[in-house]
Peer 1: 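Just dropping this structure here.
Every number for a ligand or one of its atoms is a count from 1 in the order of the listing. We're numbering straight along the sequence, starting at 1. Just so it is clear, the structure is predicted and the values come from calculations on it, not from any experiment.
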Amino acid sequence: MSSPVGPVTSRLVALVATTRDRLRTPELRERLDALVTRLSEPRIRVAVGGRMNAGKSTLANALLQERLAATGATETTRLVTWFRHGHQARVRVHHRDGTDRLVPLGDGIGATIGEPGEDISHLTVETPNDALTRYTLIDTPGMDSLSKLDPDSLAALGDADAVVYLMPHPGERDVEAIDAVRGWAGGLRLGAANMLGVLSRIDTLSGEDDPWPTARRVADRYAGELRAVLSDVVPVAGLLAETARGPDFSETDARALRTLAEADRSAVLRKLRTVQRFRAWEECPLAADERERLLDLLGLHGIRVGLELLDEGRRSTPALLEGFALRSGVEAVLERIETVFVAGADRLRASAGIAALEHLGWDAADEVDRRALLALQSELDRLRLEPALRQVELAAALVDLENGRMRLGDDDVARLRDLATGVDDARRLGLDAGADAAAVAAAATAQIPAWRRLEARPSRVLQRHVRTARELCEHILFNASAPTSPSWQARTPSR
Ligand SMILES: Nc1nc2c(ncn2[C@@H]2O[C@H](COP(=O)(O)OP(=O)(O)OP(=O)(O)O)[C@@H](O)[C@H]2O)c(=O)[nH]1
Ligand SMILES: [Mg+2]
């Protein structure tokens, strides 16, 4: 299990708690109490966001290895739904007036819960699920439901520590939606450091039998175009991932696939061109309900993949499931969630906490309160020097680069990108993951003067960011020279 609160977050919690005790206004105290509670949660919050019908709930189910979130072809998720680890499976219905009630956990959460007239703000599903021992997952309604950006979704994404943003066909509206999320999150907190893009439903992207070449090309293009705000764009066949990792695909389904594989292949492939043809296929060796079930579990693309897997000799149910998982691309998402989000929990959460404090504002009517908040502000300035948090600041530099507010040569851009997004010191300096402390120290030493030279440029924006880059390098150098000192670095996994 992930350690509850990391060192930077612990320092922040202590600061907030001390300030809270000095405050006189009950309302302010309550807000800081709420923040302490949020920062002390045992797991980070990973939210799944995107436009309507992007495949968010499907991916959520794939991550959870259970079909807990309702999925469907029309607008399906209407309420922000939190999935938290709990020993008893149940749903908490939260009302906007702050009260809540418990209901048993049924099938397909999010579609039908709630009584008429009940004003629900969100749901929390508590369930003993393995994935939820690593992070809390938040499924959100499509951001553009009702043809405008949904405020509940925006708020949920803004309150998360990290976001997986899904796009079936990336486009202008996604850029707009991502900007809106970032605006809500308080300036530039969400960005390349804590937002991962997923190119979803890749089988619907092109009409080709093998969707991967196009999917990779499109994902790469968007990873490039959106690199200021997304750490990467990973292609995924979500439906295949959901079935591969879920409990529903049975021996009976495997048998149905094997029967289909034994039929005349060219006829089968012709019928698999469209859902209508497959459904209307009268001489099919499978009954209509068996075909319907395969469509539901795998889609046309998944059925074709199933036939290919059988041709490769994957005949048993476990072998097929493993093949589906491999062909879905979901491993890459799981890997990023672990190595970037879960491993970076401390810095992600501390920066979310600082953003929440900034959001609170520093104005207080009471003189004592004002002084306490001022003291907190200067402590926060000190805390921001933590390298873990500097990296989050550098994500803002990437945004400024992308928007043309700052200009750098290609080499410096590459170095800055590594510094801002590398998951360990070696990779922050553009070295291989396994590089030793001496190599890291040498690379840091080599970079420092280059950043210092750039600090002399007239642009304020540039000065600020390259100073952050230089200070980060200095800290890495310090770390590499004193490898036994306990530090935030110890928490990043080696790959
Ligand atoms: N063909 C195909 N269909 C998919 C894939 N992923 C999801 N779907 C289907 O697309 C539809 C929408 O998926 P959902 O997961 O409900 O989408 P969502 O983003 O949660 O939708 P809202 O909650 O309404 O915003 C469902 O019918 C899914 O079965 C995929 O990879 N391929
Ligand atoms: Mg949904």
Side-chain angles (χ1 to χ4, degrees), residues 47-64 66-83 107-113 122-123 125 137-150 152-154 156-157 163-170 173-174 177 181 197-212 214-215 218-219 234-246 248-249 272-275 278 292-306 324-325 327-330 332-333:
V48 180
R51 298 176 54 200
M52 212 176 86
N53 226 15
K56 300 179 293 297
S57 302
T58 304
L59 184 72
N61 288 338
L63 298 176
L64 295 170
E66 255 185 282
R67 280 201 189 198
L68 284 175
T71 59
T74 52
E75 182 179 346
T76 304
T77 309
R78 289 175 187 275
L79 294 166
V80 169
T81 308
W82 291 61
F83 295 93
D107 284 343
I109 286 304
T112 54
I113 236 168
H122 65 285
L123 305 172
V125 175
L137 189 67
I138 308 168
D139 186 21
T140 61
M143 293 177 49
D144 53 355
S145 53
L146 312 169
S147 73
K148 66 173 169 50
L149 295 171
D150 177 55
D152 284 339
S153 292
L154 283 178
L157 297 169
V163 169
V164 179
Y165 187 88
L166 271 77
M167 314 169 269
H169 305 277
R173 301 286 309 269
D174 287 298
V181 177
V198 166
L199 180 68
S200 58
R201 304 178 55 164
I202 56 165
D203 54 305
T204 61
L205 196 61
S206 68
E208 294 143 351
D209 284 347
D210 180 3
W212 277 95
T214 302
V218 172
V234 178
V236 174
L239 184 58
L240 210 50
E242 181 184 44
T243 295
R245 291 172 53 79
D248 295 334
F249 188 87
L272 282 174
R273 286 267 155 236
T274 69
V275 172
F278 189 55
E292 210 51 48
R293 188 172 154 83
L294 286 183
L295 280 174
D296 183 45
L297 285 170
L298 299 166
L300 290 173
H301 168 68
I303 297 174
R304 276 198 300 268
V305 169
F324 287 141
R327 297 281 198 102
S328 74
V330 72
V333 179

Peer 1: Of the choices Arg201, Met52, His301, Glu242, which has the non-hydrogen atom that lies closest to atom 9 (C) of ligand 1?
Peer 2: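 Shortest heavy-atom distance from atom 9 (C) of ligand 1: Arg201.
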Peer 1: Using a heavy-atom cut-off of under 4.0 Å, does the side chain or the backbone of Leu239 touch ligand 1, or both, or neither?
Peer 2: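 Both parts.
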Peer 1: Between Asn61 and Ala69, is there a donor-acceptor pair closer than 3.5 Å when you use the side chain of the first and the backbone of the second?
Peer 2: yes
Peer 1: Is Gly299 close enough to touch ligand 1? Criterion: a residue heavy atom under 4.0 Å from a ligand atom.
Peer 2: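 Distance cut 4.0 Å: Gly299 fails for ligand 1.
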Peer 1: Output yes when the distance from some N or O of ligand 1 to some N or O of Ala54 is under 3.5 Å, and no in every other case.
Peer 2: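 Ala54 vs ligand 1: N/O contact under 3.5 Å present.
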Peer 1: Considering only heavy atoms, does Thr204 approach ligand 1 within less than 4.0 Å through its side chain, its backbone, both, or neither?
Peer 2: side chain
Peer 1: Is there a side-chain contact between Arg51 and Tyr165, using heavy atoms and a 4.5 Å cut-off?
Peer 2: yes
Peer 1: May I ask you to check if any N/O/S atom from Thr77 comes under 2.8 Å of the Mg ion (ligand 2)?
Peer 2: yes
Peer 1: Which of the numbered atoms in ligand 1 are below 4.0 angstrom from a heavy atom of Ala237?
Peer 2: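 Here the atoms of ligand 1 in question are 31 (O).
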Peer 1: Does Ser57 bring an N, O or S atom to under 2.8 Å of the Mg ion (ligand 2)?
Peer 2: yes
Peer 1: Ignoring angles and geometry beyond distance, decide whether Gly238 reaches within less than 3.5 Å of ligand 1 through its nitrogen or oxygen atoms.
Peer 2: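 Yes; at least one N/O pair falls below 3.5 Å.
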Peer 1: Using non-hydrogen atoms of the residue, decide whether Gly72 is closer than 4.0 angstrom to ligand 1.
Peer 2: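 A heavy atom of Gly72 does come that close to ligand 1.
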